[in-house]
Amino acid sequence: MYTLKIRYDGGQHATAVDEPHHNAVGIDCPFTGKGLEFSPTSLFGISLASCMLLSMGAIAQRDGIDLTGTVVDIAYAGLDKVFPHVDTVTLEFWVPQTLSDVEQMKLERAAALCPIRASIDARTDVKTTFHYGITHAA
């Protein structure tokens with residue numbers, strides 16, 4: 001059985017642990033905590049972007065496409081409200097390789113079908129842009 005746990009450490013800090021592998025991620029609140037580690041909002045964006053990227057990776061692996069060095073920039077809008085809501089997540093995919101139109105279409109379709117993307121409420125707009133043949137620093 002796969003178990004994830006999260007422990008509140010005090011001081012607006014929590015630690016998430018992947019139980020079987022003992023990997024840990026520190027989480028804190030950027031507003032009332034120190035803001036030095038991942039926030040819940042950053043983990044939301046990371047979950048979405050990594051799910052999309054790994055969905056693309058499955059197609060790339062199957063079709064022999066090299067996605068090594070692909071970077072995703074993540075931005076948010078709507079968090080400045082009294083009761084914050086992620087209104088928009090903007091993802092820019094920077095694929096350093098030049099790919100055919102067919103390869104691009106397959107990868108973009110795979111990204112759009114990732115399960116995290118499918119789980120996001122319609123009130124949150126997910127905007128994606130794909131750049132091919134351009135190296136972008138992480």
Side-chain angles (χ1 to χ4, degrees):
M1 183 165 96
Y2 191 80
T3 304
L4 296 171
K5 295 183 180 184
I6 188 162
R7 178 188 69 239
Y8 184 72
D9 303 318
Q12 289 298 83
H13 186 274
T15 303
V17 178
D18 169 357
E19 193 65 16
H21 306 290
H22 305 291
N23 296 322
V25 174
I27 306 158
D28 69 356
C29 181
F31 307 112
T32 57
K34 294 181 181 178
L36 300 175
E37 299 189 68
F38 290 113
S39 71
T41 304
S42 62
L43 291 172
F44 168 70
I46 290 167
S47 293
L48 174 60
S50 62
C51 181
M52 294 173 79
L53 189 57
L54 293 172
S55 294
M56 293 168 62
I59 299 302
Q61 186 173 352
R62 180 194 72 193
D63 292 357
I65 301 168
D66 181 14
L67 289 181
T68 304
T70 297
V71 173
V72 184
D73 290 333
I74 306 165
Y76 307 96
L79 295 175
D80 54 347
K81 300 175 184 173
V82 175
F83 296 103
H85 174 269
V86 178
D87 292 331
T88 305
V89 179
T90 303
L91 304 170
E92 279 195 83
F93 290 76
W94 300 87
V95 181
Q97 294 77 7
T98 301
L99 303 175
S100 72
D101 290 345
V102 171
E103 291 170 325
Q104 290 178 26
M105 180 192 65
K106 286 180 184 180
L107 294 174
E108 291 174 25
R109 185 177 301 144
L113 294 174
C114 96
I116 300 295
R117 173 66 186 98
S119 301
I120 295 174
D121 186 275
R123 294 176 299 151
T124 301
D125 185 22
V126 177
K127 296 181 179 181
T128 56
T129 306
F130 294 86
H131 307 278
Y132 295 94
I134 302 171
T135 302
H136 186 70

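Any value given below was found using the heavy atoms of this structure, including those in side chains, with hydrogens, waters and symmetry copies removed.
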Checklist line | Any side-chain donor near an acceptor of the partner, D125 and T88, under 3.5 Å | finding: no
Next item on the list: Would you name the heavy atoms of P96 and T135 that are closest together and state the gap between them?
Entry: CB-OG1, 3.8 Å
Side-chain donor/acceptor pairs under 3.5 Å, residues 45-53, sequence neighbours excluded:
unit_1 : atom_1 : unit_2 : atom_2 : d
S47    : OG     : L43    : O      : 2.9
S50    : OG     : I46    : O      : 2.7
S50    : OG     : S47    : O      : 3.3

Check: Has Q61 got more than 12 heavy atoms of other residues, nucleotides or ligands less than 6.0 Å from its CD?
Finding: no
Check: What's the shortest heavy-atom distance between P40 and D28, and which atoms?
Finding: CD-O, 3.9 Å
Next item on the list: Measure the shortest side-chain to side-chain distance between D87 and T124 over non-hydrogen atoms and say whether it is less than 4.5 angstrom.
Entry: no
Item checked: Shortest non-hydrogen contact between H85 and R123, atoms and distance -> CE1-O, 3.8 Å
Check: At what distance, to the nearest 0.5 angstrom, does CZ of F44 lie from CD1 of I74?
Finding: 10.0 Å
Checklist line | T129 and E92 side chains, donor-acceptor separation under 3.5 Å | finding: no
Show me the side-chain donor-acceptor pairs of residues 106-117 shorter than 3.5 Å, one per line, residues at least two apart or across chains.
unit_1 : atom_1 : unit_2 : atom_2 : d
K106   : NZ     : D63    : OD2    : 3.1
E108   : OE2    : Y132   : OH     : 2.9

Notebook entry, point to check: Should M56 and L67 count as side-chain neighbours, where that means a heavy-atom distance under 4.5 Å?
Noted result: yes
Notebook entry, point to check: Side chains of N23 and H21: do they bring a donor and an acceptor to under 3.5 Å?
Noted result: no
Item checked: ILVMFWY cluster, I120 and V86 together (side-chain gap under 4.5 Å) -> yes
Checklist line | L91 side chain near V126 side chain, heavy-atom distance below 4.5 Å | finding: yes
Check: CD of Q97 to CD1 of I65: how many Å apart, nearest 0.5 Å?
Finding: 9.5 Å
Check: Linking I/L/V/M/F/W/Y whenever any side-chain heavy atoms sit under 4.5 Å apart, do M105 and I59 land together?
Finding: no
Next item on the list: Mark yes or no for whether Q104, through its side chain, and L99, through its backbone, hold a donor-acceptor pair below 3.5 Å.
Entry: yes
Margin query: Applying ring-ring contact (aromatic ring centres under 6.0 Å, His included) as the test, list every pair that has at least one member in residues 86-107; sequence neighbours left out.
Written below: F93-F130, W94-H131, W94-H136
Check: Atom CG of D18 and atom CG of L4: how far apart are they, to the nearest 0.5 Å?
Finding: 5.5 Å
